[in-house]
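Written below as structure tokens is the structure these notes are about.
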Amino acid sequence: MSALFETYSRWPVKVIRGQGNYLWDVEEKKYLDFTSGIGVTNLGHQPPSVKKAVEKQLEQLWHCSNLFHIPIQEKLAEKLTEISGCDKVFFCNSGAEANEAAIKLARKYAQSVLQLDRYEVITFTQSFHGRTMATLTATGQDKVKLGFSPLLPGIVTIPYNDLSAFEAAVNDRTCAVLLEVIQGEGGVNPAEKEWLQQVTAICKEKEILLMVDEIQTGMGRTGTWFAYQQYGIEPDVVTVAKGLGSGFPIGAMMAKKKTSEAFGPGSHGSTFGGNPLAVSAALATVRTIEEEGILLQVKQKGFLIQEKLRNAFSANDKIEKIKGLGLMIGIQLKEDSALYITKAREKGLLALAAGPQVIRLLPPFTVTEEEINQAVGILQGALNQ
Ligand SMILES: *Cc1c(COP(=O)(O)O)cnc(C)c1O
């Protein structure tokens, strides 16, 4: 019996090693990893540039409290403002913490900057925002909330891609909207461009903060630094985590200058937030993506894999559609996906579920065309029987 809480239904694979685009189990079986640790190890396992940066940081400073100025934190924050269009960055350690910070900022902004009695945050069905009390309340999936009541008051969840539902939900108490541009855990569901632009316009007009959860879509996953950059919108708050540190735990909540003014000294904090080791990994990750022209590669590989999947499954009536953006891909089935994910794994390909009927692929950005062919072949073998 395991001494661990039974909070995960784990796969029957004991992983001991990761290198590049592959994982190995205790029996030395090799797996092509199209999960990337759920969108985390985006440059593959142990990317050399990140490894080198962390090794260098190990020799200098592991931890230092935020009572000090920490130059490497400043550097990463500056870099993140360059790529995001935000002006200020708060570092934390996970996605849930980044969203928690965003929800706190929204309320504080309404109450202390706008000086209005606003506190409601609008979120959407099928969303996923984390497992803390505030973020599970914000999550639009009952299975995440079940048994944890009373939930946080002041969070309203409405249908996604539905303008009239949104117009009906907005009121004098609304301080912010929190949404994923492409819902990850909920099934790889992209926002409709027109809907998102209309939501943005209403937010702007009513001084409601538009907060985009880019924890899964951010840091290049969809072929731009952030998915919202393909929608012609400018959010007030952006949250990131997963892919930011290439596997080192780090999250960030970023905001426009005016919004950030709600958080003064003492309003929020985290002991480990902006830990130098994690920051060194993140800084190297961002630089590598930039210097090696990886965003363009993600776009190209994304088109390639979607095209190959469409060709492979054009005559397969188990499959509803192929969807996604960049290297965030969903194969929407007309039936449960679990059996096919298991079959693929047994053949050496690791893929994820997203909701009951979607096979989600989050390959590393370093995936090769040969590996894409291999993966499509394995999925074909699993699904075309
Ligand atoms: C994974 C995820 C989170 C939660 O991140 P944790 O690091 O697990 O807390 C929040 N939002 C989205 C969109 C995610 O994909």
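Count residues from 1 along the sequence. Every heavy atom of this structure was used, including side-chain atoms; hydrogens, water molecules and symmetry mates were not. From a predicted model like this one, the values you see are computed outputs, not experimental measurements. Whatever order the structure lists them in is the order used to number ligands and atoms, beginning at 1.
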Judging by distance only, is a nitrogen or oxygen of [X] under 3.5 angstrom from one on ligand 1?
X	value
Gly95	yes
Glu97	no
Ala96	yes
Phe128	yes

Classify the ring geometry between Phe226 and Tyr228 as parallel (under 30°), tilted (30 to 60°) or perpendicular (over 60°).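 Correct class here is parallel.
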Atoms of ligand 1, numbered as shown, that sit under 4.0 Å from any heavy atom of [X]:
X	result
Gln216	15 (O)
Asn99	10 (C), 11 (N)
Ser94	7 (O), 9 (O)

What's the shortest heavy-atom distance between Ile378 and Lys347, and which atoms?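 Residues Ile378 and Lys347, closest heavy atoms: CD1-O, 3.4 Å.
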Heavy atoms only: give me the nearest Glu214-Val240 pair and the separation to one decimal.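 Taking Glu214 first and Val240 second, the nearest heavy atoms are O-CG1, 4.0 Å.
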Are there more than 12 heavy atoms of other residues, nucleotides or ligands under 6.0 Å from atom [atom1] of [X]?
X	atom1	value
Gln300	CD	yes
Glu59	CD	no
Glu194	CD	no
Lys88	NZ	no

Asn42 (side chain) donor-acceptor with Leu362 (main chain) under 3.5 angstrom: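 Looks like no, no N/O pair under 3.5 Å.
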Between Glu180 and ligand 1, which residue portion shows a heavy-atom distance shorter than 4.0 Å: side chain, backbone, both, or neither?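 For Glu180, the contact with ligand 1 is made by the side chain alone.
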Can you find a protein heavy atom under 4.0 Å from atom 8 (O) of ligand 1?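 No, there is none.
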Could you identify the single nearest non-hydrogen protein atom to atom 11 (N) of ligand 1 and state the distance to 0.1 Å?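 Result for atom 11 (N) of ligand 1: Asp213 OD2, 2.7 Å.
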Identity and distance of the protein heavy atom lying nearest atom 14 (C) of ligand 1: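 Ranking protein heavy atoms by distance from atom 14 (C) of ligand 1, first comes Lys242 NZ, 2.9 Å.
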